[in-house]
Amino acid sequence: MHIYCRIDTAQAYCDTLSQRFKLDECPLDEQFYLQYDELGLALCKRDEPKLTPIRVDFVEGAAAHRRKFGGGKGQAIAKAVGLNKGATPHVLDATAGLGRDAFVLASLGCKVTLFERHPVVAALLYDGLERAYLNAEIGPWMKERMQLHHGSSHVLLEQQPLFEGEVDVVYLDPMFPHREKSALVKKEMRVFQSLVGDDGDADDLLTPALQLASKRVVVKRPDYAPFLNERTPSTQIKTKKNRFDVYVNAAMK
Ligand SMILES: C[S@@+](CC[C@H](N)C(=O)[O-])C[C@H]1O[C@@H](n2cnc3c(N)ncnc32)[C@H](O)[C@@H]1O
């Protein structure tokens with residue numbers, strides 16, 4: 001997939017992104033294309049010109065709003081990883097996507113290691129992180145707490161040397177087919193899903209995740225989805241449309 005670079009001085013950076021994530025070798029629906037402009041890297045669709053380009057922005061917009069007003073450690077995701085117990089665990093987000101959940105956890109103090117296998121998603125996330133690292137307000141703690149590795153968690157979860165220190169929590173949020181009529185599903189979500197597909201191999205992540213996590217594995221699911229790998233969790237935290245299935249290995253300290 002080609003990056004259309006709209007800023008002359010950024011051509012070298014775009015070439016680096018292409019090489020790093022092997023974007024030219026990424027066979028995709030030709031309706032998709034990548035664009036680099038003054039707001040960063042964005043995924044666009046030729047047949048949906050009105051679609052807001054999909055990009056990762058941790059500095060402004062929805063992510064910044066949630067960081068400031070989202071409810072802090074009272075949020076369901078924070079409770080699910082055990083933040084309400086006073087801990088700030090090292091979380092391995094093995095299905096990082098656009099990094100939204102990881103950013104919530106990092107902004108609440110967790111060190112978060114992110115794994116993402118899709119080359120285009122990983123490139124969008126990398127670019128969003130690089131821009132955030134430069135921001136005076138959030139850059140210093142983001143550099144310390146959020147690190148991305150591009151690759152499949154089916155392989156990376158076995159590669160201990162990648163992590164500094166112990167992994168307390170493995171977080172999984174694989175794509176699951178939407179049940180609602182497509183018109184009701186948020187447009188951006190629908191486009192993202194058509195890019196990534198359904199993560200039909202996600203069941204196989206649970207066992208290595210449980211072997212790695214010293215404290216717990218948290219699986220985010222739509223409320224209608226079955227348990228991952230048909231395994232009943234130790235406990236559940238429910239929100240309006242989702243639930244967090246929590247598999248406890250040991251108590252949080
Ligand atoms: C639903 S999205 C995750 C959204 C994310 N929680 C967020 O807040 O932005 C699922 C992502 O997991 C990635 N993924 C699925 N299986 C994976 C695996 N085995 N290794 C690495 N990434 C994986 C997909 O490519 C997709 O980008």
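Just follow the structure's listing: the first ligand is 1, and inside any ligand the first atom is 1. Bear in mind the structure is a predicted one, so any value in this text is a computation, not a measurement.
- Ring orientation note: the planes of Y13 and Y126 are close to parallel, at an angle under 30° on the 30°/60° scale.
- Nearest heavy atoms, C44 versus P53: SG-CB, 4.0 Å.
- Geometrically, K45 engages F32 in a cation-pi contact, judged by NZ or CZ lying under 6.0 Å from the ring centre and within 45° of the ring axis.
- Under a cut-off of 6.0 angstrom, the local environment of CZ in R131 is crowded, with over 12 non-hydrogen atoms contributed by other residues, nucleotides or ligands.
- Protein residues with a heavy atom under 4.0 Å from ligand 1 are A94, T95, A96, G97, L98, G99, R100, D101, F115, E116, R117, H118, V121, G151, S152, S153, H154, D173, M175, F192, V196, D199, L205.
- Partners of D245 by side chain to side chain donor-acceptor pair (under 3.5 Å), not counting sequence neighbours, listed by chain and number: Q236, R243.
- Annotation: H2 is not in aromatic contact with Y33 [ring centroid separation under 6.0 Å not met].
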